[in-house]
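Computation of the quantities below employed the complete heavy-atom set of this structure, encompassing side-chain atoms and omitting hydrogens, waters and symmetry-equivalent molecules.
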Amino acid sequence: MPHSYQLAGDVVFKEVSGGGVLLSQRSGQYRQVNTTGTRVLQLLVAGEPWTAILDHMIERYPDVDEGQLSQDLSQMLEDLANQGVLVRV
């Protein structure tokens with residue numbers, strides 16, 4: 001079962017033209033995400049569970065294999081958690 005995630009306490013998410021930005025107020029570092037990453041983070045910030053985010057991605061990208069979408073979503077969230085942007089809950 002995939003983890004649930006939320007933004008780390010010092011991280012601010014902001015939508016910008018063409019994607020989004022995650023800013024760590026503690027370190028001053030930021031990370032940009034593309035439009036797909038932005039949508040994932042919008043859903044995450046809104047409190048959607050991993051399964052609902054995956055369902056949204058499956059609807060948004062019907063031509064992409066569900067297993068690939070699941071793997072890509074898991075990898076993105078794990079990468080952001082490993083970078084300290086997200087925390088596992």
Side-chain angles (χ1 to χ4, degrees):
M1 177 86 179
H3 295 284
S4 294
Y5 298 88
Q6 64 185 30
L7 289 178
D10 69 316
V11 173
V12 176
F13 170 62
K14 181 82 172 165
E15 294 177 53
V16 296
S17 178
V21 175
L22 295 152
L23 171 66
S24 171
Q25 296 175 330
R26 185 175 32 125
S27 70
Q29 293 184 336
Y30 73 94
R31 286 151 184 86
Q32 290 182 279
V33 293
N34 62 19
T35 54
T36 300
T38 297
R39 186 61 185 140
V40 167
L41 290 168
Q42 288 170 332
L43 294 166
L44 187 78
V45 168
E48 293 292 336
W50 186 92
T51 52
I53 296 170
L54 177 60
D55 288 343
H56 178 82
M57 292 296 109
I58 290 168
E59 287 180 29
R60 188 172 181 168
Y61 300 104
D63 296 335
V64 179
D65 177 69
E66 290 181 24
Q68 186 64 53
L69 286 171
S70 176
Q71 182 179 358
D72 291 349
L73 177 60
S74 292
Q75 187 65 55
M76 175 194 167
L77 297 175
E78 276 298 305
D79 288 348
L80 291 173
N82 290 336
Q83 295 169 17
V85 174
L86 300 179
V87 291
R88 295 171 192 92
V89 293

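- Screening residues 23-35 for salt bridge (Lys or Arg N to Asp or Glu O under 4.0 Å), with sequence neighbours left out, gives Asp10-Arg26.
- Between Leu69 and Asp65 the shortest side-chain heavy-atom distance does not fall below 4.5 Å.
- Through side-chain heavy atoms spaced under 4.5 Å, either directly or across other Ile, Leu, Val, Met, Phe, Trp or Tyr residues, Val89 is tied to Val87.
- Each salt bridge (Lys or Arg N to Asp or Glu O under 4.0 Å) pair with one or both residues in residues 71-89, not counting sequence neighbours, appears once here: Glu78-Arg88.
- Other residues, nucleotides and ligands contribute only 12 or fewer heavy atoms inside 6.0 Å of the CD atom of Glu66.
- With sequence neighbours left out, the side-chain hydrogen bond (donor to acceptor under 3.5 Å, both in side chains) criterion links Glu48 to no other residue.
- By the side-chain hydrogen bond (donor to acceptor under 3.5 Å, both in side chains) test, Glu59 pairs with no residue at all, sequence neighbours left out.
- Contact of the Ser70 side chain with the Trp50 side chain is registered, since non-hydrogen atoms from C-beta on lie closer than 4.5 Å.
- The side-chain hydrogen bond (donor to acceptor under 3.5 Å, both in side chains) search around Arg60 returns none, not counting sequence neighbours.
- The two residues Leu22 and Leu7 come nearest to each other via the heavy atoms CD2-CD2, 3.7 Å.
- Side chains of Val11 and Gln25 form no contact here, defined as non-hydrogen atoms less than 4.5 Å apart.
- To the nearest 0.5 Å, atom CD of residue Gln68 and atom CG of residue Leu73 are 11.5 Å apart.
- Taken to the nearest 0.5 Å, the CD atom of Gln32 stands 9.5 Å off from the OG1 atom of Thr38.
- Contact annotation: the side chain of Val40 approaches that of Met76 to within less than 4.5 Å [non-hydrogen atoms, C-beta and beyond].
- For Ser27, the side-chain contact (heavy atoms from CB on, under 4.5 Å) partners at least two apart in sequence or on another chain are Ser24, Gln29.
- Take Gln42 and apply the side-chain hydrogen bond (donor to acceptor under 3.5 Å, both in side chains) test, not counting sequence neighbours, and it matches Glu15, Arg39.
- The side-chain contact (heavy atoms from CB on, under 4.5 Å) check on Leu23 picks up Tyr30, with sequence neighbours excluded.
- Side chains of Tyr61 and Thr36 form a contact here, defined as non-hydrogen atoms less than 4.5 Å apart.
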